[in-house]
Structures are given as C-alpha cells and as structure tokens.
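Contents: one structure, followed by commentary.
Residue indices begin at 1 and follow the sequence shown.
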Amino acid sequence: MMRSYGWIVIGSILLGACGGAEDATNVEVSETSALSAQKMDPRDWVTGEYFVTGLMYFTENGQTDAMETEDIFAILPEGPSPRLKVAPLSFDLCGPPAVMVGPRSFLVLPGSCTASPEPGCSITMNYTLGWGSLDTNDVLSLALHAVLTGECGRGPVVIDVYSELSGPPVEDPAVSGPRAQADSTQTGTAALLQRVKAGGR
C-alpha cells in the first residue's frame, strides 16, 4: 500500500512540473504579444508616399474654376501618436498637421505653408480642414480645403482652394517626383502659382 502511495506522490509532482512549464510558456507568449502590441504604431497603416491625381477647385470673386492636378503626398508621423503630417512633395514637404481618427483614416487640422516658387513670387496656403483615408487596396483618398494668398508683383491675391485627390502608394523606384505631362495638368504648386500670376479678376 505504501508503494502505491509513493507512486501517486511522484505522479503528482511530475504533473505539477509539467503544468508549471506550460504556465511559464503561456506567460512568455503573453509577454511577447504585449511587447509586440506596444511596438505597433497605428500610424504605420497610413504612412508612406502616394502618387495622387484629381482636381483643384479655385473660387475667386464668386467664380469657381477647376484644374486637373497631380502630386506626390507623403503621410508622415509627426510627434507622438496619433499625430501625422500631410506633406505635398511640390511644396517641399510642408503641409498641415493631421490626427488619426480610425485604423486607416485621419482628420487634417489647420496649418500654414509658405513658398517662393520663383523670384518675385510668394504663395501661402492656409489649410483649414480636410480628411484622408486608405481603402483595402491602399489607395489614398484625400480632400483638402485652404485659402491661398499670393503676390507676384500685381498686388495680393486671395483664392479659396478645395482639392479632391486620390492615388496609390509610390512603389516604382523610378518615380522620384511629380510626373505632369499634359498642359492641362499641373503639380500642386505650379497650379497655385498660375492662379496667383493671373491676379484678381
């Protein structure tokens, strides 16, 4: 009887040891998963460069005109999560701030950028609002509203600008900048400069 009791005790010890090892493994896996979750930045879902095309709507003196445009926009982390920056390449990567509002969407916040695209001309984009999102194919949709002020020697110009843009990530290494070809299509800054040069109507 004592021998049977001894085997029961030994069996209990072995089972306890196996259970302890399993618990230790579970704890290790849980800690690893927790560390991975901490390292994952939600902004990683949207950050990158995108070749976008679309329309810019210019409203001046009560009249609205549309112009085709294309550019490369970089969506960049800016400060602590969930803050971003929406930066057009044609504006030397100056752009308004933004904040993540969903797993693949963000809200554009007010911001201002100034550039001198050619001697004697200066333009400032005062962004007021906007939004952006990525679909399941990683295509970016972007809408931006801003007030353009500029001066090219003919007096100051103030124009309301609304842009609707969309496009895929830049994946081709040969794509290093905007690729406007047709006369009717302008990169963002070129389109803005053209409007400022035209002056008030």
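Shown here for L142 and G132, the closest heavy-atom pair between the two residues is CD1-CA, 4.2 Å. For V170 against F51, the heavy-atom pair with the smallest separation is CG2-N, 3.5 Å. In terms of heavy atoms, W131 sits closest to V108 at N-CG2, 3.8 Å. In terms of heavy-atom proximity, T124 sits nearest to S112 at CG2-OG, 3.6 Å. Residues S81 and P42 come closest through the heavy atom pair OG-CG, 3.6 Å. In terms of heavy atoms, S163 sits closest to M56 at OG-CG, 3.6 Å.
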side-chain contact (heavy atoms from CB on, under 4.5 Å) between M100 and R83, worked out: CA-CA 6 Å; M100 296 285 294; R83 297 187 66 85; over 6 Å; no
Test side-chain hydrogen bond (donor to acceptor under 3.5 Å, both in side chains) applied to T59 and T64, step by step: CA-CA 4 Å; T59 301; T64 299; 2.8 Å; yes
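S141 and S166 are not linked by any side-chain donor-acceptor pair at a separation below 3.5 angstrom, with hydrogens and angles left out of the test.
Note on F91 and L76: separate hydrophobic clusters, where clusters join Ile, Leu, Val, Met, Phe, Trp and Tyr whose side-chain heavy atoms are under 4.5 Å apart, directly or indirectly. Under the 4.5 Å side-chain heavy-atom criterion for grouping Ile, Leu, Val, Met, Phe, Trp and Tyr, L193 is not connected to L148 through any hydrophobic cluster.
Atom CD1 of residue I75 and atom OG1 of residue T47 lie 9.0 Å apart, to the nearest 0.5 angstrom. Atom NE2 of residue H145 and atom CG of residue N126 lie 10.5 Å apart, to the nearest 0.5 angstrom. Taken to the nearest 0.5 Å, the CE atom of M125 stands 8.5 Å off from the SG atom of C113. Considering CG of L93 and CD1 of I72, their distance stands at 10.0 Å, rounded to 0.5 Å. With rounding to the nearest 0.5 angstrom, the CG atom of L89 is 10.0 Å from the CZ atom of F73. Separation of atoms OG1 (T53) and CG (L165) is listed at 7.5 Å; rounding is to 0.5 Å.
Checked against salt bridge (Lys or Arg N to Asp or Glu O under 4.0 Å), R104 has the following partners two or more places apart in sequence or in another chain: D138. With sequence neighbours excluded, no residue satisfies side chain to side chain donor-acceptor pair (under 3.5 Å) with S105.
Between the side chain of R43 and the backbone N or O of L84 there is no donor-acceptor pair closer than 3.5 Å.
You'll find the side chain of Y127 reaches within 4.5 Å of the side chain of L144, heavy atoms only. Side-chain contact between P88 and D71: present, with at least one pair of heavy atoms (C-beta onward) separated by less than 4.5 Å.
Listed by first then second residue, pairs satisfying salt bridge (charged side-chain N to carboxylate O under 4.0 Å, His left out) with a partner in residues 85-95 number zero, not counting sequence neighbours.
Under a 4.5 Å side-chain heavy-atom criterion applied to ILVMFWY residues, the cluster that includes V158 comprises V147 as well. Clustering of Ile, Leu, Val, Met, Phe, Trp and Tyr by side-chain heavy atoms under 4.5 Å joins L107 with V99, V101, L109. Here Y57 is tied into one hydrophobic group with L55, Y162, each link being a pair of ILVMFWY side chains closer than 4.5 Å.
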